[in-house]
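Down below is the structure, laid out as structure tokens.
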Amino acid sequence: MDMNAFFASVEQQANPALRGKPVAICGRGRTVVATCSYEARKQGVRTGMSLYEARRHCPQIIPVRGNHIKYVDTARKIQSICLEYTPLVEVFSIDEVFLDITAPAGTPKDGLRLAGELQLRIKKELGLPCSIGIAPSKILAKLASDREKPDGLVLFAEEDIESVLECTPVEDMCGIGENTKNCLNALGIRTLAQLGRTDVSLLVRHFGFLGNILKKTGRGMDMNPVSAYSDAGEIKSVGHSNTFPRDTRAADVVRAFLLMLCERVGVRLRKYGMIGRTVSFYIRYCDFSGESRQKSLPEYIKTGPDIYAAAARIMDSFMPFKKAVRLVGVTVSGLEKDKGQLHLFGDRARKERFAEAMDRINSRHGEFMIRPLAFEVVEKFTGGAIDVPARVHGFPAGFNASAPRY
Amino acid sequence: MKIKLNTNDFSNLLTTVLPAISTRSTLPSLSHFLIDADKDKIKVYATDLEIGIESSISSKEIEKEGALTIPARNLTDIIRVIDSDSVTLNKVKEGKVEISSDDSNTKFNIVCGESEDYPGFPEMKEDRLISIDAKSLKEGIEKTLPSVSKDESRYILCGIYFENDGKELKMVSTDGRRLSYYKGKVKGNSSKFKAIIPTKAINVLEKTLTDEDESVKISINSSENQIYFSFGNTIIYSRLIEGDYPNYGQVIPENTTKNIIVGTEEVLNATKKMIAATVERTTPVKFLFRSNKAVISLQAADGSGTSTIPVQYKGDEIEIAFNPEFIINALRVVRSDKVKIGLTTPINPGKIAPESDTELYIGVIMPMRP
């Protein structure tokens, strides 16, 4: 299942004024289009174009700042709907999932019916379009989902596969990129069926062990099963960074920003039920040069002040700043599930209870209703609201892709 | 300086002092031993400025008194390969020492330094002095060392806390999640003191104390913030960790409502069995205590297990989860056939003590949230 123009669709769903209009999701300032709505695509706007270029194609385009938290949240909702059908839900990227429906469906016809139902539910409950491909293997299902967009529903039954492979160019297959395509074409291989008929030793000579996989790909075979959905376990690190509205050398401002970032990382760690023991700090100067360092701690941590203590120690080693600072970032890795070890002494136990109480209040009344006073410094410096995009790495597999693939 | 020593004695002397030689010192002279021959005594001393060890033997074969420093690595290597019963050290000239075997068939020449360039052994002012049974001190270290914190950001906890009230020496360690407490008798009268001794000094002390040592004198130089342990022919000094140790008494539960008596080996083995089920070392092990029975279990993503053992317990059922490493460490050092496990609720600290003497050793372990 592949969500259609995922980020743009989420934004259009969230804001009715954007519906039916050409929307481009991008960052702020000088930026490129991360993705755009079908309305914009019709006018020639493509992922990766600069906003300036996009405007040339489509002067009425509406740029919208991407909000990763919203997309991750929506992706999780989609995944939880999928999980109602089968526990075998493999998250491939933020907007793509594989479902093994062998058990609930039984026959291809049942599969088609079930997929239709799933598609309808996602449309009805979340207002989002998706394309679903049904096939005996993951790579063929992916191919089928790419056939019709938006709102596609394509079945490759066993008997159709041969003809599909016969007429599909190799580059349409997931995993075959520009280089591989050129190399295959040079060998006279243009369609998947041709690839499937090629002698494996020829492929191995050109592509090494990948030759075996290519041969199987050409026959539509993918032996990898759909892996079971594993929640949060796949988060590898949690980080935030912030580009200042203007470069600064003021240590108190940089510290305040750092504290804010650390608090955010702490909030997310606790939300995922994780603890971490490696803190990385990075800094970028006005000329885009930068430094970074990481430190492994003897104990696992999960609160903003603990993260800050480690990050600030690293930052101190870069001080005084060589140049004006443009960006700082902090990441906690070396994550483990928080198994709930309690602490003997008041200080530590209080710190954790305090963070949890803050989380409860903030989750009910809005982000950072309760917050460290240092945030005032940040607000004064930015001249208003605090807004920091989140970065989640490897959450779940494939989430680190900066933009969805279309 | 010209001295003759029994090779074995000399080797033992060097081995005793060697732990104070730091492998990565900024001061070159700290990679040397200081050897001092005075009247009828040969002293070997080493320090890394945090700790220092001095050990001596009496000798009637001091031909010429004097002191010098000598590279620790070279000297220990040489003494190891010399196969005669005795060895002679002779400072032949400035910066040069000759080491020779009995029969003079084997000779070495190595560089040596001036004793003046070596940091001196801090003067031992005996302002707070106690004497404790060496076995007792060793036992205290064995029982408390595992729960010393390794988190340098909480440096206060990176050592064993000694508290002497005049009659008893209490030793306490904690890493914030578990705590070990040990109480040893002090010989004779002594003055009160409190001190946090860094892990490094404790490790050296544990290694150096032998079964032949009977009692250990502990003295504190509070103005210099130093502690001295003297026993046999050896003195170890260490700087102390500065600061206030947390109020440990407050976290040792006094009246636990659910008290279980269980065979130490049985509960230890059952806990060890459970951790075999998973590769994740910190997976909590659950203890379900009900009437005369304990069900010990573990549930992890990669495996699970249960083990049932008999216990002496009559009371309400309670289930509590602990980090297995903490339980195993505590049970290993209890040194009692049966232990008393005291619990109150699944989120209150658990207490482990020998059944016979519940004051001698106490292990306090904070549970994991159920």
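Each chain gets a letter, A, B and so on, in the order the sequences are listed, and its residues count up from 1. Since we're looking at a predicted model, the values are computed, not measured.
Of the residues considered (B:Lys150, B:Gln250, B:Arg154), B:Arg154 shows the highest number of contacts with chain A, using heavy-atom pairs under 4.5 Å. For the options B:Asn323, B:Ile365, B:Thr283, B:Thr282, heavy-atom pairs under 4.5 Å to chain A are most numerous at B:Thr282.
When heavy atoms are compared at a cutoff of 4.5 Å, B:Phe322 does not approach chain A at all. Using a 4.5 Å cut-off between heavy atoms, B:Pro349 contacts chain A through its side chain alone, with no backbone atom that close. Looking at B:Arg178, the atoms closer than 4.5 Å to chain A (heavy atoms on both sides) all sit in the backbone: N, CA, C or O.
Dense packing is recorded around CG of B:Asn247, with more than 12 heavy atoms of other residues, nucleotides or ligands lying under 6.0 Å away.
Taking the six-membered ring where the residue is Trp, B:Phe287 and B:Phe289 present parallel rings, their angle staying beneath 30° rather than reaching 60°.
If you look at A:Phe98 and A:Phe92, their ring centroids are closer than 6.0 Å.
Taking 4.0 Å as the cut-off between side-chain N and carboxylate O, B:Lys192 and B:Asp165 do not count as a salt-bridged pair.
Checked against A:Glu291 for a side chain to side chain contact (heavy atoms under 4.5 Å, CB included), the options A:Tyr282, A:Tyr285, A:Phe281 give a single hit: A:Tyr285.
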